[in-house]
**Q** 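There's a structure below that I have some questions on.
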Amino acid sequence: MSYYTACCIGMALFIGTALPVLSATRDSGEAPGNDAMVIIASTKDIQIKYLVRKDNSLEILEVAARDGNWRAPLGGPLFPGNPWRNGNGPRYCGPVEIVRANGDTALEPLYVSHSSKQEAPGIEHVTIILRDRVHPINVELHLRIYSAENIFEQWMVLKNGTDETLKVPRLDSMYWQASVKDGVFLEWFESQEGNEAGQPKREKLVPGCRLLESRDGNRHKSGPVPAFALGFGDFPDEEKVPCLVAALSWSANTRLYFDINNRSILETSVGVNQTGQPTVEPGQSLASPVCVYSFSAVGKGPASRNFHRWMRKYGMRDGNRLRPVDNNSWEGCGMDVTEASVLEMMKLSAGLGIELYVLDDGWFGKNRNLGDWWVNPARFPHGLSKLISDGKDLKIDFGIWFEPEMINEGSELFASHPEWVMRMPGRELARQRNQLTLDVANPAVQEFMFKAVDDILKGNPGIRFVKWDCNSNINNPYSPYLGPDRQGDMLNQYMAGYYGVMERLVTRFPQVDFQACAAGGGRADLGALRFGHTYWPSDNTHPGYRLGAQWNFSTFLAPMAATCHVTHAGGEFKPKYRFDVSMMGQLGMEVDPRKSDPEYLEAAKVGIAAYKSVRDIVQLGDQYRHQNPFDSKTPSLNYVSSNQDRALLLAYQTDDLKQPVNLNSPVSGLDPARRYRVAEINLPPGDEAPRLVKNAKLIQSGSEWMKQGVPLIFSRKNDSAAVTLIAQPYEQE
Ligand code: DGJ
């Protein structure tokens, strides 16, 4: 990364007017003066140039590939608020809104200084400090730049240097302007299960404002998940269209704002969708969540791989360690769990090759009332100890489910602390799933949540996994703890409480894996995954849907973090297909093996063994998505180990077939010069007809495989193939 500064290292670039300027985004017209300064933030391949104009306003001058082969249409002021200085020009929103005690909303951040710090090899933290033209209110733009991964983290900090309380209704994480001359195309995602194939939403941005908001409070079950891709010139594809992929490290209300004005300038601002006006006291500061982004000159594929590599190294816990194959009790038997039944299921699961058994909902309290986080003695007479010790004998680890942010009114907790529940003054409580949300902004509640999990983990040191669920929105959005004057801080304080408890738990129990779940994919995001190993993408486990949902989430989340369970859903599909769909990420099951027919269990054994033989490629390798499952009836993707020794191709066929179809399924990312042998895996008894075309070449160079693809034959609707490509030492050919 290079980084030039006049003040620090005397390498400021002084710019004359001959330098390239994105005229489409400059309506005030003033060219950079002789004393303008450029600050360059760059990764290995991408460079962002910031311009400090001589009036001390800050702009994006250019975003481009460092090799000079591509330039994004981004550019223009970063803090363009205060329309009164803009004559007849556009009325921009900018990234920050404040309200001073006298009602004044003006804010004109001007450049003061910048600095850069090497935080670790390959990681640089750049801070640009701006101050309001009139008042001592600072806005800091922070960039953490991961050079090798081509990832930027960006966030803003607002510092209140005045002697009065400030309200800050909006402090976005990422803001920029762009020219839309060639069209800008948005792709965004939901975690709604209703959507049959998990299609993303795709739209060409048109003049006017496109505002996407999630409003659930503590998760994102309705509205967008906090991530999106933008294609420059066309819809974002995998290999050609220049694009940006961005994701917020945030698990709650999100606001994605895109506005094209009458000068064809797109204003984009991404941040928290606040439910009120957070306060910043004199001398205090407020930070936005981090927005993580990457640009690619050639499709989403490279940008996603940047995200995956970055996540494995920096964005989640233990990204260098393989995730186990698990079986979870929920889809198979719901809350009908007892020590005897779980032991039986663990035994049968171990026989299938399962490595971790997860006891989901239903194990706690007298009557399974949320809040009573002690093990029900009637159902589990030995607590959890017998499950853990018998698990050890079976060589199967044990994990458990919690939902600490929630409470049932029948609980002992509710009887002793009714004031810990969020409720709107003078109104009837709104319930979801018959439960209420705790006032997580309250430190006493945070302490309770921590202790509830801590007690169980401390008392049962053999527990290796915790699934943290959150099945209700913030339905009664009022924090009794914060009281009348501070309701604007509710969302920030709630989320700080949740993240704070997670932080304490993962620090105290480094040996325990955590899974982020919120009634399905409501916490499939970078915020929750900072503390986790996996996320649960959806409660819809039908393979038709899962193929799409897992595909979408892999745009910005590492495949190893996606828990892909084979359940009893989708029974109309052959087990092979269901296992091949779950091979896209962290494969596991969610079945009651006591109720599964023998043919299915045999197929499960084969599927699990096949997955284990390639899981390091899927979890630690690079993912190449090809035709997507929304536009193509033969979607496919492949994974390549980081040393390019081994690859796995997963190909699916979803069309009604009158007769078998032949196709060459694409592969990417191989070493062109090495020779690879193909072999098929996951052919369970009764379904073992090869999908690899008979008599086709088995060995050829990476370059030939990448040119020709792998020849496959599919003979039914929802057929699939899992094919390995293994690099050959010469003597074995
Ligand atoms: C919702 C989750 O998504 C499911 O996997 C399961 O844990 C249930 N909650 C349990 O109530």
Side-chain angles (χ1 to χ4, degrees), residues 1-43 46-64 66 71-82 85-86 89 92 94-96 106-117 124-145 152-159 161 171-179 265 267-269 288 291:
M1 195 207 92
S2 40
Y3 178 66
Y4 301 91
T5 158
C7 35
C8 296
I9 49 177
M11 289 179 69
L13 297 185
F14 293 102
I15 304 180
T17 45
L19 274 168
V21 200
L22 298 178
S23 54
T25 61
R26 295 194 194 293
D27 18 78
S28 59
E30 204 192 327
N34 283 338
D35 52 350
M37 177 174 63
V38 170
I39 302 167
I40 298 181
S42 59
T43 64
I46 306 158
Q47 181 164 277
I48 305 179
K49 286 185 187 165
Y50 294 94
L51 173 70
V52 182
R53 283 181 171 260
K54 68 177 179 191
D55 64 0
N56 287 326
S57 60
L58 183 67
E59 303 191 354
I60 290 184
L61 179 64
E62 184 182 87
V63 176
R66 287 185 73 183
R71 184 167 160 189
L74 272 64
L78 275 167
F79 298 95
N82 298 344
R85 290 201 198 278
N86 208 10
Y92 294 113
V96 192
L107 183 72
E108 297 178 272
L110 297 174
Y111 172 87
V112 174
S113 66
H114 67 283
S115 60
S116 156
K117 194 170 139 216
E124 186 132 12
H125 182 167
V126 173
T127 308
I128 305 177
I129 298 177
L130 303 100
R131 178 164 304 156
D132 178 52
R133 187 189 295 275
V134 177
H135 298 290
I137 300 169
N138 281 14
V139 179
E140 297 177 357
L141 173 67
H142 290 262
L143 288 161
R144 185 171 288 121
I145 304 154
F152 296 86
E153 284 183 355
Q154 181 175 321
W155 69 101
M156 307 252 205
V157 175
L158 185 136
K159 289 193 170 153
L171 177 66
D172 281 344
S173 307
M174 177 167 82
Y175 175 90
W176 42 260
Q177 299 183 4
S179 156
I265 295 169
E267 189 183 28
T268 295
S269 208
S288 75
C291 183

**Q** CG of L110 to CG of N138: how many Å apart, nearest 0.5 Å?
**A** 11.0 Å
**Q** Quick check on side chain to side chain contact (heavy atoms under 4.5 Å, CB included): which of D55, I129, I39 does Y111 satisfy it with?
**A**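 Option passing the side chain to side chain contact (heavy atoms under 4.5 Å, CB included) with Y111: I39.
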**Q** Quick one: does I60's side chain get under 4.5 Å of Q177's, heavy atoms only?
**A** no
**Q** Nearest 0.5 Å please: distance from the CG atom of L143 over to the OG atom of S116.
**A**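 Taking CG in L143 and OG in S116, the distance rounds to 10.5 Å.
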**Q** Looking at S269 and P95, what are the two nearest heavy atoms and their distance?
**A** OG-CA, 3.8 Å
**Q** Could you walk me through whether I48 and I145 pass the side-chain contact (heavy atoms from CB on, under 4.5 Å) test, one step at a time?
**A** CA-CA 11 Å; I48 305 179; I145 304 154; over 6 Å; no
**Q** Would a distance-only check, ignoring hydrogens and angles, find a side-chain to backbone donor-acceptor pair under 3.5 Å from E62 to G75?
**A** no
**Q** Show your working on side-chain contact (heavy atoms from CB on, under 4.5 Å) between V38 and L51 and close with a plain yes or no.
**A** CA-CA 5 Å; V38 170; L51 173 70; 4.0 Å; yes
**Q** Please report the interatomic distance CZ(F79) to CG(L141), rounded to the nearest 0.5 Å.
**A** 5.5 Å
**Q** Treating D132 as the side-chain partner and E108 as the backbone partner, does any N or O pair qualify as donor plus acceptor under 3.5 Å?
**A**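 Side chain of D132 to backbone of E108: a pair is present.
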**Q** Tell me the closest heavy-atom pair linking Q154 and M174, and the distance in Å.
**A** NE2-CA, 3.6 Å
**Q** If you define the side chain from C-beta out and look only at heavy atoms, does anything of W155 sit under 4.5 Å from R144?
**A** yes
**Q** Quick one: pull up CD1 in I40 and NZ in K49 and give me the separation to the nearest 0.5 Å.
**A**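 Reported value, rounded in 0.5 Å steps: 5.5 Å.
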**Q** Identify the two heavy atoms, one from S173 and one from C291, that lie closest to each other, and give their separation to 0.1 Å.
**A** CB-CB, 3.8 Å
**Q** Roughly how far, to the nearest 0.5 Å, is the CE atom of M37 from the CG atom of L58?
**A**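 So the gap between those two atoms works out to 9.0 Å.
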**Q** On a heavy-atom basis, which atom in D172 and which in M156 lie closest, and how many Å separate them?
**A** O-CG, 3.0 Å
**Q** So E267 and I265, side-chain contact (heavy atoms from CB on, under 4.5 Å) or not? Walk me through it.
**A** CA-CA 6 Å; E267 189 183 28; I265 295 169; 5.8 Å; no
**Q** Rounded to the nearest 0.5 Å, what separates atom NE2 in H142 from atom OG in S288?
**A** 9.0 Å
**Q** Which is it for L61 and Y50 under the side-chain contact (heavy atoms from CB on, under 4.5 Å) test, yes or no, and what are the steps along the way?
**A** CA-CA 5 Å; L61 179 64; Y50 294 94; over 6 Å; no
